[in-house]
Amino acid sequence: MSNKIPVKNIDTKASKDVKTVDLYASREKIYVKEIFGFFQRIRSVSLWLLMGMYFALCWISINGEQLIYFDLPARKFHLFGVTFWPQDFVLLSWLLIICAFGLFFITTLFGRVWCGYTCPQTVWTFIFMWVEEKVEGSRNQRIKMDKAETNRSKVFKKATKHIIWLLISFATGLTFVGYFYPIRELIFDFFTLNSVSDWAYFWVLFFTVATYANAGWLREQVCLYMCPYARFQSVMFDKDTMIVSYNPARGEPRGSRKKSADPAKAGLGDCIDCDMCVQVCPTGIDIRDGLQYECIGCALCIDACDQIMDKMNYPSGLISYSNENSLEGKKSHLVRPKSIGYGLVLSIMIGAVIYTLAARVPLGLDVIKDRGALYQLTGMGKIENSYTLKVMNMAEEERAFTLSVNGMEGMTITTTTEFSVESGEVYSLPTSIEVNPKSMIETNNDIQFIIKAVDDNTITAESDSRFLGPLNY
Ligand code: SF4
Ligand code: SF4
């Protein structure tokens, strides 16, 4: 065997044609052209709806309780009338897992629709772009203005745009903090400088700056370089996943032509190489280069290309929601083992969380056996065990409870059996139980403490413990 390193001839002419990309190149500003169309209308509805919900939900109250309110000092979260305590964090974790799993499920079926229609980065960026368009004018006007010398009109327009952006950012920051600090009090305290904590000022400022920077300046850079989902979403794609795609079989060879020209005779495909799909793209890519991780699936290029196809009297859909199998002329399947599997697991998880929420009792009980003495003998000749009961009332109001115990014959609770617990309080209840020695069959006996709400006998909690004592006493 030869020890020589294998040598390969390189075609120098071909290597000159290879494009090199400077990974440290400075960002080129993207001037997005405004476009109207079917998918843009869907996104407009989704954007305004989500934005409206974000600003409105913190103002809605049920029985005087904010609909969504994360009360960190009291360590309880209010979500749509249900209060979650630290003990419920497992449920909250499950809700987050379901959201993540739901996102994977949707991605498998429809690609990055989350990014294109509902992601907060997209929602706020599109709102900011809308403001930009209204204040500074169309794409061409903005390019022209940026190249022009500074003048009064330019300064006025730029200042107006940034002031509106800052106002939206400030409203966003204030609303965000309003989910952690009762919004009505926050607004009053904030503007009257009335005992609102420095942290509230800090977080409002933080989210104002973050919104302004992300939606106003960073925009597509967040999707390209900062968002982890953009990096791993492609592993959920397969040949049946619906993605925004250009049909090269129909579009190529691309080239400009007169509207009256017959593309077949001119040896051309349907793409007239007008660049409209690139001009409307918020991440500045050319969808004709194929699937790229930069594509957020916003479908603006579909609307743009459909308009061009209409003008040329060609059928629409040169760029469309499609999948690899369809583009290769093969049969595609929306329902497939992978999507059925995801859907099944998701349904089971949602069902389990709904059941747990429905069966959830706003009451908790822990029993701690006195470790100082295993048992005591009373003056009346009985055997006594002592415990500390921790009763947590997770309801929104104070509640009265009764205590009982079972497990051994003739057990008597010698301490209080009726008590009240404030909302959210963990109440410590010292409890003693006596037993006639003749009832002792074992030295170590299983017993159960039961507490019941006085006003509602469905609200009950049980906890197991032990009763210890000597035999043949
Ligand atoms: S908008 Fe359509 S016709 Fe124009 S360049 Fe893009 S793909 Fe070609
Ligand atoms: S390529 Fe099309 S769908 Fe993808 S980000 Fe650009 S405009 Fe949106």
Side-chain angles (χ1 to χ4, degrees), residues 28-44 46-47 106-107 110-119 121-126 129-130 133 139 215 218-227 229-231 233-234 237 241-259 261 263-264 266-324 327:
E28 273 183 38
K29 187 171 174 182
I30 298 173
Y31 293 89
V32 180
K33 187 176 171 65
E34 191 176 39
I35 192 81
F36 300 99
F38 178 72
F39 293 105
Q40 176 59 357
R41 274 200 295 280
I42 294 179
R43 187 181 12 272
S44 293
S46 135
L47 296 191
I106 296 288
T107 306
F110 305 111
R112 291 179 71 176
V113 281
W114 158 262
C115 301
Y117 297 87
T118 48
C119 171
Q121 176 65 23
T122 306
V123 171
W124 264 259
T125 300
F126 273 73
M129 287 195 316
W130 179 77
E133 179 91 16
R139 176 177 187 267
L218 294 173
R219 292 190 175 176
E220 80 288 348
Q221 306 283 301
V222 175
C223 310
L224 302 190
Y225 303 112
M226 293 158 74
C227 174
Y229 174 62
R231 298 279 154 178
Q233 40 86 25
S234 56
F237 285 18
T241 302
M242 298 297 280
I243 45 172
V244 175
S245 2
Y246 166 74
N247 185 349
R250 187 185 142 190
E252 301 296 322
R254 65 187 81 161
S256 57
R257 81 288 309 258
K258 284 198 176 128
K259 188 178 172 184
L268 292 169
D270 281 355
C271 174
I272 65 167
D273 208 11
C274 61
D275 238 19
M276 275 289 278
C277 49
V278 182
Q279 289 180 25
V280 298
C281 177
T283 60
I285 58 167
D286 188 342
I287 191 65
R288 292 172 298 172
D289 294 341
L291 176 63
Q292 294 147 76
Y293 85 90
E294 293 96 332
C295 175
I296 59 168
C298 66
L300 283 177
C301 52
I302 299 183
D303 284 338
C305 191
D306 280 352
Q307 284 184 14
I308 299 295
M309 294 295 106
D310 265 5
K311 280 185 193 151
M312 297 297 291
N313 288 331
Y314 296 166
S316 59
L318 177 57
I319 302 176
S320 64
Y321 273 110
S322 186
N323 56 49
E324 234 180 298
L327 289 175

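Atoms within each ligand, like the ligands themselves, are counted from 1 in listed order.
The closest approach between a heavy atom of Arg254 and any atom of ligand 1 is not below 4.0 Å.
The atoms of ligand 1 that sit less than 4.0 Å from any heavy atom of Met309 are 3 (S). Atoms of ligand 1 lying under 4.0 Å from any heavy atom of Arg288, numbered from 1 in the order shown and given with element: 5 (S), 7 (S). Less than 4.0 angstrom separates some heavy atom of Cys277 from each of these atoms of ligand 1: 1 (S), 5 (S), 6 (Fe), 7 (S). Listed by atom number, the atoms of ligand 2 under 4.0 Å from Thr283 heavy atoms are 5 (S). Residue contact check: Ile319 has heavy atoms under 4.0 Å from atoms 7 (S) of ligand 1. The contact set between ligand 2 and Cys301, taken as ligand atoms under 4.0 Å from a residue heavy atom, comprises 1 (S), 2 (Fe), 3 (S), 7 (S).
Residues Ile35 and Met276 form a side-chain contact, since some pair of their non-hydrogen atoms from C-beta on lies under 4.5 Å apart.
Looking at Thr107 and Tyr229, their side chains do bring a donor and an acceptor atom within 3.5 Å of each other.
Contacts between Ile296 and ligand 2 below 4.0 angstrom, taking non-hydrogen atoms only, involve backbone and side chain alike. Counting heavy atoms closer than 4.0 Å to ligand 2, residue Ala299 contributes backbone atoms (N, CA, C, O) but none from C-beta onward. Of all the heavy atoms of Ile287, none lies under 4.0 Å from any atom of ligand 1, so neither backbone nor side chain is involved. The part of Ile285 lying near ligand 2 is the side chain, judged by heavy-atom distances below 4.0 Å.
Among protein heavy atoms, atom 8 (Fe) of ligand 1 sits closest to Cys271 SG, 2.3 Å. Remark: minimum distance from atom 4 (Fe) of ligand 1 to any protein heavy atom is reached at Cys274 SG, 2.3 Å. Counting protein heavy atoms only, atom 3 (S) of ligand 1 is closest to Ile272 N, 3.5 Å.
When distances to atom 2 (Fe) of ligand 2 are checked against a cut-off of 2.8 Å, Cys281 contributes no N, O or S atom below that limit. Among the atoms of Cys305, an N, O or S atom falls under 2.8 Å from atom 2 (Fe) of ligand 1.
The distance from atom CD1 of Ile243 to atom CZ of Phe237, rounded to the nearest 0.5 Å, is 6.5 Å.
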